[in-house]
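Have a look at the structure below, then the notes.
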Amino acid sequence: MSRKLTERSIEGGLKLSAVLTIATTLAILYVLISESAVFFKEVSIIEFLTETRWTPLFESKHFGILPLLSGTLLTTFISILVALPIGLTIAVYLSEYARPRFRRSIKPLLEILAAVPTVVYGYFALMTVTPALKMLLPGLSGFNSLSAGIVMGIMIIPLISSLSEDALQSVPKALREASIGMGATKFQTSFKVIVPAALSGIIVSVILAISRAIGETMIVAIAAGQQPRLTLDPTVAIETITTYIVQVSLGDVQHGSVEYQTIFAAGITLFIFTFVLNSVSFWIKKRFKESYE
Amino acid sequence: MAKETYMMASEFVLNKSRSSELIIPNTKLETDVVAQSIKIESGRQLADIKISSKNLNVYYGDNHVLKNINMSIASNSITAFIGPSGCGKSTYLRVFNRMNDLIDSFNMNGKVEVDGFDIYDKSVETDELRKKIGMVFQKPNPFPKSIYENVAYGLKIQGIKKKSVLDDAVEKSLKQAALWEEVKSDLKKSALALSGGQQQRLCIARTLAVEPSVILMDEPTSALDPIASAKIEDLMTELKDQYTIIVVTHNMQQASRVSDYTAFFYMGDLIEFSDTKSMFLNPKKERTQNYITGRFG
Ligand SMILES: Nc1ncnc2c1ncn2[C@@H]1O[C@H](COP(=O)(O)OP(=O)(O)OP(=O)(O)O)[C@@H](O)[C@H]1O
Ligand SMILES: [Mg+2]
């Protein structure tokens with residue numbers, strides 16, 4: 001009897017936390033949408049999407065999201081450029097070459113990379129990586145997307161290597177045997193059979209990494225600068241969406257003003273990006289899940 | 001021809017059984033004599049010896065899974081390995097293309113020769129060896145690629161890029177594997193969309209494309225229905241003119257239908273090895289008799 005009661009209360013508790021999570025998400029979404037609705041009453045969506053200047057805090061105000069978006073995408077792109085080849089190489093090495101015992105001990109070590117506080121990464125980018133890069137690129141400015149992107153890439157390596165390694169491991173052993181049995185080398189087997197067979201899982205890992213990089217705040221806020229600029233030049237200071245939101249939230253902008261509402265418009269842009277990416281990865285996962293049953 | 005090779009095989013069995021009662025140093029001598037006599041006989045007109053193992057012992061860690069196996073396999077014939085589960089059939093089969101090398105705990109001693117060459121010699125490149133000794137597995141394991149890409153795979157990894165060469169090889173191999181008519185209209189289709197029997201024939205085509213001289217088959221029909229199995233069996237019979245085929249099977253009818261020679265293994269020992277007809281009609285050992293009549297295993 002009392003056992004049944006315990007069961008019930010546990011079930012109730014679980015249900016409650018699920019409901020709470022969903023409710024929180026919905027509440028955040030509601031705030032984002034309603035607050036940015038206020039913003040879009042003042043500024044047209046057309047201007048928001050096509051204007052190439054973002055100067056809400058200046059005398060002459062322009063509300064074009066493109067500079068922030070380019071900053072975000074540029075740092076993200078650089079980070080993936082770093083993390084994908086390294087992460088995938090590590091994944092292939094661990095899955096196809098390393099002995100199981102080594103694999104089991106090295107994986108948690110790698111995941112420590114993702115556990116380092118991002119503020120530490122931010123200062124590492126600003127104080128170590130930028131000065132080092134300056135020796136190669138004398139024109140590099142003190143704040144730049146290059147070093148922020150590189151360091152962000154290092155941070156997301158374990159995300160890619162770990163998830164990709166899981167994907168590679170789930171490729172049936174029979175395919176390895178088939179390839180090796182035909183005289184393929186381990187290298188050929190890895191890159192011509194195993195990686196293609198695990199591609200959907202690898203893509204999912206990359207999408208999650210992109211999503212993580214887009215939302216990353218501390219590293220870019222510290223090392224990439226606070227100058228909204230529509231550019232693809234990785235050596236100059238830029239500003240990302242996340243950095244801008246931090247800047248305004250911490251600044252003395254008056255609540256309720258259009259300047260203040262901009263952070264919700266920026267926030268919903270960010271949300272749409274990560275939402276779409278997560279949906280795509282969810283779809284890929286579902287779509288390709290059964291291919292080996 | 002069958003009669004003479006039978007002589008060779010049964011004589012071999014007799015010698016083998018005698019030798020197992022002798023002390024070890026003599027065993028080697030005996031088998032050398034046997035090998036000699038086979039060669040002399042085969043010198044007349046018959047099949048050469050394609051593969052032979054001498055005093056082969058295999059271990060997985062401390063587990064002694066193949067015990068002093070001496071055996072010669074004639075070329076352009078089908079040899080069946082039978083025996084209860086865990087007796088070492090697959091292990092022995094995989095000795096011939098060195099697939100066991102992938103297993104950490106694997107260990108062996110003795111000699112294994114293909115065409116007279118020691119395949120465990122230091123100078124042997126396993127990749128090259130496996131191109132000559134193809135393998136077909138228990139469960140069809142096509143790559144998740146198109147039919148065409150599956151068959152062309154072995155050639156592509158050898159660096160062959162020329163489309164006309166690949167096209168010809170794909171067509172030829174699919175025809176050899178009796179699959180061409182069923183798939184020729186859509187070679188771009190995913191191999192995973194084929195039926196199990198078609199997939200297995202595709203795997204055979206894939207193996208044939210690299211033109212091996214030996215095909216090892218580990219229970220190639222155990223995952224297939226009787227009709228698909230019959231097709232594979234017909235195929236094996238057709239292929240033996242050009243290839244030496246070794247097949248592991250749990251299906252006694254299959255062994256008796258397709259194979260020319262049969263080897264019976266029991267707990268790591270080669271108990272009996274002779275031509276298939278006499279093995280099934282007149283087994284020399286009680287164990288063999290019991291096994292093939294289904295009394296155990
Ligand atoms: N990878 C391995 N590691 C360790 N031991 C193994 C391995 N593969 C097989 N063995 C052991 O070697 C012995 C022979 O196995 P093998 O697979 O050769 O038998 P088999 O005759 O093919 O059996 P089955 O008919 O069930 O396929 C068994 O005792 C098995 O447990
Ligand atoms: Mg087996």
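Proteins get letters first, then strands, A, B, ... in listed order; numbering begins at 1 in each. In this text the structure is predicted, and so the values were computed from the model without any measurement.
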What do you reckon, is [atom1] of [X] surrounded by more than 12 foreign heavy atoms closer than 6.0 Å?
X	atom1	result
K139(B)	NZ	no
E211(B)	CD	no
M108(B)	CE	yes
I227(B)	CD1	no
L20(A)	CG	yes
F117(B)	CZ	no
D62(B)	CG	no
F77(A)	CZ	no

>> Just so I understand: if I count every heavy-atom pair under 4.5 Å between each of V210(B), D104(B), I133(B) and chain A, which residue has the most?
In response: D104(B)
Against chain A, label [X] side chain, backbone, both or neither, depending on which of its atoms sit under 4.5 Å from a heavy atom there.
X	value
K156(B)	neither
F143(B)	both
P142(B)	backbone

> If you look at every heavy atom in Y153(B) and Q188(A), which pair is closest and at what distance?
Replying inline: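 Smallest interatomic distance, heavy atoms only, reads OH-O, 4.0 Å.
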> Are any non-hydrogen side-chain atoms of S179(A) and I157(B) less than 4.5 angstrom apart?
Replying inline: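 The answer is no, as the side chains (C-beta and beyond) never meet within the 4.5 Å cut-off.
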>> Run M182(A) and R206(B) through side chain to side chain contact (heavy atoms under 4.5 Å, CB included) and show every step you take.
In response: CA-CA 9 Å; M182(A) 300 200 62; R206(B) 179 175 71 181; 3.3 Å; yes
Rounded to the nearest 0.5 Å, how far apart are [atom1] of [X] and [atom2] of [Y]?
X	Y	atom1	atom2	answer
K145(B)	L175(A)	NZ	CG	9.5 Å
T185(A)	E125(B)	OG1	CD	11.0 Å
K186(A)	T126(B)	NZ	OG1	10.5 Å

>> Check whether N141(B) reaches the backbone of A174(A) with its side chain - one donor and one acceptor, N or O, closer than 3.5 Å.
In response: yes
> With only heavy atoms counted, which part of R99(A) is less than 4.5 Å from chain B, the side chain, the backbone, both or neither?
Replying inline: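 Interface part for R99(A): side chain.
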>> Is there a side chain to side chain contact (heavy atoms under 4.5 Å, CB included) between R94(B) and E177(A)? Walk through the geometry before answering.
In response: CA-CA 11 Å; R94(B) 294 157 73 99; E177(A) 292 195 323; 2.7 Å; yes
